[in-house]
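Structure first, then comments.
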2 protein chains.
Amino acid sequence: MTKKDACISDLKARVLALELAPGAALDEVSLSESYGLSRTPLREVLQRLAGEGYISLEANRGAVVSAMDIAAMRQFFQTAPIIYCAISRLAAENASLAQLAKLKAEQFGFTQAKAVLDAPAMALANHHFHETIGAMSGNPYLLPAMGRLLIDHTRISQRFYNASAPHDGVRITQAAHQHDLLIDAIERRSPEKAVEITLDHWALSRDEIERYVWPDPLPDDTTRRTTGEST
Amino acid sequence: MTKKDACISDLKARVLALELAPGAALDEVSLSESYGLSRTPLREVLQRLAGEGYISLEANRGAVVSAMDIAAMRQFFQTAPIIYCAISRLAAENASLAQLAKLKAEQFGFTQAKAVLDAPAMALANHHFHETIGAMSGNPYLLPAMGRLLIDHTRISQRFYNASAPHDGVRITQAAHQHDLLIDAIERRSPEKAVEITLDHWALSRDEIERYVWPDPLPDDTTRRTTGEST
DNA sequence: TGAAACCAATTTGTATACACTGTGAATACA
DNA sequence: TGTATTCACAGTGTATACAAATTGGTTTCA
């Protein structure tokens, strides 16, 4: 099973890193060759990835990486805070010690990736961190929703991590600090605190995304009719 | 693909009807023989069912029908109203005319099954009705949560439909009426109304389940210390 | 020249044979 | 008699060969 699991993890990572772009077609034979599997188990890998929302399969048409269209974005912003808060609350109530240890390890991985400025690794570590919080919730109904939100969240954030403008470094540090606070809230079994921190964490992330999507306009030298002039 | 799709639908129906009991093991060879498929496509069917939460797969151990334990029940009651309301609100906002037509057809199927007192058919028709409302929401993040809730909801309700005590008939009529109201709310694009009806619908269903789980106590002829005596 | 039909090549879907793993029963040994 | 080991069997996992379907290009006819 190890080879198959490795294939799954790697494909997930590549989707999350946007190395496999949304909408990109996946060829069974080339994938099976590159992972040293035959087509049969590779197809099962694809089925599973489809089940988790990483890719989508169409009959006789093969697999494509899940799209990220405007419609989905709208739903993403509507849905994420609700689910994230519900998950965090339940995580604070139900987390096991083993899961808490795992969470701390993942936070360590995140800070390490941050230290060496490895953008994809940071995004992936962040992904695993929040995945573990999902597992802590122990809610089998919310978990798949969380999973799908995280896929798109990580993919959107990827652009942000890669940018790594000076002020983004501060924001990433802030995010890491919120992770620490969240670990603490879960460890102390405080659902209220966990929800509060999660809302802050979401607000930060949403701002990051908004800043990327709607950046500060370029200086407009042709018309000087705008309000706030630069110094 | 038709044969494979038929297999998927049939297995789903059998899981929902509790014909395949929670925890029951599924044998690949016997299933493949009974559906006239070879093991390869049948395994893909199982992968897909696992992805949707109907069954769960364990490496080298095969497939078992998803369990319904006490822990899950608790989470079910916590989660269902939140997700159902969110879905209904979005459905009222986003439903297409084609989906609305489908919904009406499914409601017709439900009333027909009710007319002939076909309990499993009622449960399945009800399942499809709510599945379509999920599709109407157009929210790819909430949809898998909705799907998993519905699986357990239908399986729990199965016991209730089968009971078909006299007063249950009234309650089923009530549920059918709520479906009509919901269709109307969606058709008139009223999210508030849709949410209100959904809450009523959930309350009714929850009461049904509670009544089944905690039935009226049997008359206690040994001790007469209880409060309200029968007439 | 345009459109429609057909054919070939590529890719997905299915079947079968074989390999591996886990389980349970029987046997050997303490 | 109790326990541990081994072996056989049942069932899952994988590879390969073959069938079906889609796509793109080419040819043919109006």
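Order of the sequence lines fixes the chain letters, A, B, ..., with proteins taken first and strands second; residue numbering starts at 1 for each chain. Since we're looking at a predicted model, the values are computed, not measured.
Ring-centre distance between B:H128 and B:F110: not below the 6.0 Å cut-off.
Between the CG atom of B:N60 and the C1' atom of C:dT23 there is a distance of 12 Å, given to the nearest Å. Per the geometry, CG belonging to A:D5 stands 13 Å off C1' belonging to D:dG13, to the nearest Å. In this structure, A:L37 places its CG atom 14 Å from P of D:dG13, rounding to the nearest Å. Atom CD in B:E58 sits about 15 Å away from atom C1' in C:dT23, given to the nearest Å. A straight line from CD of B:E33 to P of C:dT14 spans 18 Å, rounded to a whole angstrom. The interatomic distance linking B:K4 (NZ) with D:dA20 (C1') rounds to 13 Å, in whole Å. The distance between atom CG of B:L31 and atom P of C:dA15, rounded to the nearest whole Å, is 15 Å. A:L57 places its CG atom 11 Å from the P atom of C:dT12, with the value rounded to the nearest Å.
Partners of B:S66 by side chain to side chain contact (heavy atoms under 4.5 Å, CB included), not counting sequence neighbours, listed by chain and number: B:R155. Residues satisfying the side chain to side chain contact (heavy atoms under 4.5 Å, CB included) criterion with A:S38, sequence neighbours excluded, are A:T40, A:P41. Every side chain to side chain contact (heavy atoms under 4.5 Å, CB included) that A:D184 has, sequence neighbours left out, goes to A:R188. Not counting sequence neighbours, A:R148 has no partner by the salt bridge (charged side-chain N to carboxylate O under 4.0 Å, His left out) test. Taking the side chain to side chain contact (heavy atoms under 4.5 Å, CB included) definition, one finds that B:C7 meets it with B:L11, B:Y35, B:L37, B:L42, B:V45, sequence neighbours left out.
For the pair B:H127 and B:K12, the minimum side-chain heavy-atom distance is 4.5 Å or more.
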What nitrogen or oxygen pairs link the protein and nucleotides 7-11 of chain C at under 3.5 Å?
none

Below 3.5 Å is the cut-off: list the nitrogen or oxygen pairs between protein and nucleotides 16-20 of chain C, distance only.
{"from": "C:dT16", "atom 1": "O4", "to": "B:T40", "atom 2": "OG1", "distance (Å)": "3.1"}

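Within the structure, no pair that satisfies the ring-ring contact (aromatic ring centres under 6.0 Å, His included) test touches residues 86-108 of chain B, not counting sequence neighbours.
In this structure, A:R43 does not reach the C:dT12 phosphate: none of its side-chain N or O atoms is under 4.0 Å from OP1 or OP2.
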I'd like a table of donor-acceptor pairs (distance under 3.5 Å, sequence neighbours excluded) in which one partner is a side-chain atom from residues 112-119 of chain B, with atom names and distances.
{"from": "B:K114", "atom 1": "NZ", "to": "B:T173", "atom 2": "OG1", "distance (Å)": "3.0"}
{"from": "B:D118", "atom 1": "OD1", "to": "B:A121", "atom 2": "N", "distance (Å)": "3.3"}

